[in-house]
There are 2 protein chains.
Amino acid sequence: MTRERLMRELIQTRPFDPPEAEAFFNLLKTEEMLSTRLAETLKPFGLTPSQYNALRIVNGSGVEGIPSLEIGERLITRVPDVTRMIDRLVEKGLVERRRSDRDRRVVRVFITPAGKQLVESAVKPLRKFQKQWIGVLSDDDQAELNRLLYKLRYRD
Amino acid sequence: MTRERLMRELIQTRPFDPPEAEAFFNLLKTEEMLSTRLAETLKPFGLTPSQYNALRIVNGSGVEGIPSLEIGERLITRVPDVTRMIDRLVEKGLVERRRSDRDRRVVRVFITPAGKQLVESAVKPLRKFQKQWIGVLSDDDQAELNRLLYKLRYRD
DNA sequence: ACACAATAGTTGTTATAACGTATATTATGG
DNA sequence: CCATAATATACGTTATAACAACTATTGTGT
C-alpha cells in the first residue's frame, strides 16, 4: 500500500494529520523527483531548467527579442532575479541584451545563433524526458491529474 | 477551459508538445504555488519550510536526539547541506548539537525548550494551511491525486 | 595488527532564491 | 509645464541549493 510507503519514507508512525498532509507531501516529493530528473537531463547542455525555459522563451520571440520583464512573466516557475539570470545567459553567449529605443527603461533580449542551436539540441532529450516520466500515466490519468491540479490552483 | 488558461499563462499558442508537458507544467506550477503559501505561513515563525520540517523531526526524536544524517534522510524535500541548516537552527537557539560518545563521527541533534515551543506554536497554522489549500479537493479527489502521484513516483 | 574502504560531518565554493533598495525613465494629473 | 507616481532594470545582501573536497572516525578484510 502506497501510503505506508510514504510513511516509511518519512519514518512516520501515526496517520497523516490532517489527512490533507498526505497529498501535500506527495506533491512536494513528486515535484522534487521530477525537477531533479529534469535538471539532470539539462545538465549536459550546461543549463538549469529555468535557464532553458528562459532561452526557449527568448528563442520563441524571434528577431524582435523580448523585454526582460516579459521573460519573467512567462517563466513556468518564478525567477525573482531575472536580471542576473540573463546576465549568466549573456556570459554564455546564448543571448544578447539591447536597450529599447522606444522606452529607455526596457531591455530587450535576443537569442544568439549559439543560443538557438542549444535550444534546438535540447528539444528532443526534453521531449523524451517528459514522455518517459509523465508517460507512466495513461492519457486518462494525465487528464485526471490535470483536472485535480487545475482545481488546486484555480480553486474553481 | 483550464488548458487554455495554462496556455494563456505561458503565452503559448501551440498545443502542448508532447501532451505530457501539460501535466508536468501543472505539477511545477501547483507545487510552486503551495510552497510559496507554505513559506508565507511559516515566515512569522522565522522559519523556512525545511527548517520547520527539520525541527519537527528533531522534536519527534525526544530526549535521545537524532543524528544529522538521519535528519537529512527524513526530510520531505532534500536538503543537500544539512550541516549548515542545523548551524542556523543552533544559532536560533532551537536545537543543540552533541557529538556521540559511541561513535565520534556522529553528531546528535536535540530540541531545546525554545525549539519545542516553536514547533508546537506552528502546528495549528500549518494544519490550517493544509486544510485550506488541499481541502479544496474532496476526499475522493485527494485519494485520486495521491494515487496518481504515487504512480508517478513509484511507477508501479 | 594494519592498510584500506566506508561513513559522518564539515568546509569551500558557485549558482540561485529572495527580498529590498537604488537608479533611470516614462506616465499621470494638476 | 512640472511634480510626483509608476515602471523597468540593476544592484546589494543574506539564505539556501548543490557539488565536491576535506577531515576524522569506524568498519572490514587479510
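Letters A, B, ... are given to chains in the order of the sequence lines, protein chains preceding strands, and every chain is numbered from 1.
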Residue-level proximity of residues 31-65 of chain B to DNA chain C when a heavy atom falls under 4.0 Å: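 Contacts with DNA chain C under 4.0 Å: none.
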
By nearest atom, which of the nucleotides [options] is closest to the [X] side chain?
{"X": "A/Arg78", "options": "C/dC19, D/dA18, C/dA8", "value": "C/dC19"}
{"X": "A/Val106", "options": "D/dA8, C/dT7, C/dG9", "value": "D/dA8"}
{"X": "B/Asp81", "options": "C/dT26, C/dT10, C/dT11", "value": "C/dT11"}

Polar pair under 3.5 Å, donor/acceptor by atom type, side chain [X], base [N]:
{"X": "B/Arg104", "N": "C/dG9", "result": "no"}
{"X": "B/Arg105", "N": "C/dT7", "result": "yes"}
{"X": "B/Arg84", "N": "C/dG9", "result": "no"}

Summary of salt bridge (Lys or Arg N to Asp or Glu O under 4.0 Å) pairs that have at least one residue in residues 42-64 of chain A, sequence neighbours excluded: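 Sorted pair list comes back empty.
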
Under 4.0 angstrom between A/Arg97 side-chain N/O and D/dA10 OP1 or OP2: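 Checking D/dA10 against A/Arg97, a side-chain N or O does come within under 4.0 Å of OP1 or OP2.
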
Pairs flagged by side-chain hydrogen bond (donor to acceptor under 3.5 Å, both in side chains) wherever residues 124-134 of chain B is involved - sequence neighbours left out: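 Residue pairs passing side-chain hydrogen bond (donor to acceptor under 3.5 Å, both in side chains), neighbours aside: A/Asp17-B/Arg127.
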
A/Thr30-B/Arg153 side chain donor-acceptor pair, cut-off 3.5 Å: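 A pair is found: one side chain offers a donor N or O, the other an acceptor, under 3.5 Å apart.
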
side-chain contact (heavy atoms from CB on, under 4.5 Å) between B/Val106 and B/Leu69, intermediate numbers included: CA-CA 8 Å; B/Val106 175; B/Leu69 183 63; over 6 Å; no

Side chain proximity check, A/Asn53 to A/Val79, heavy atoms < 4.5 angstrom: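 No - every pair of side-chain heavy atoms lies 4.5 Å or more apart.
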
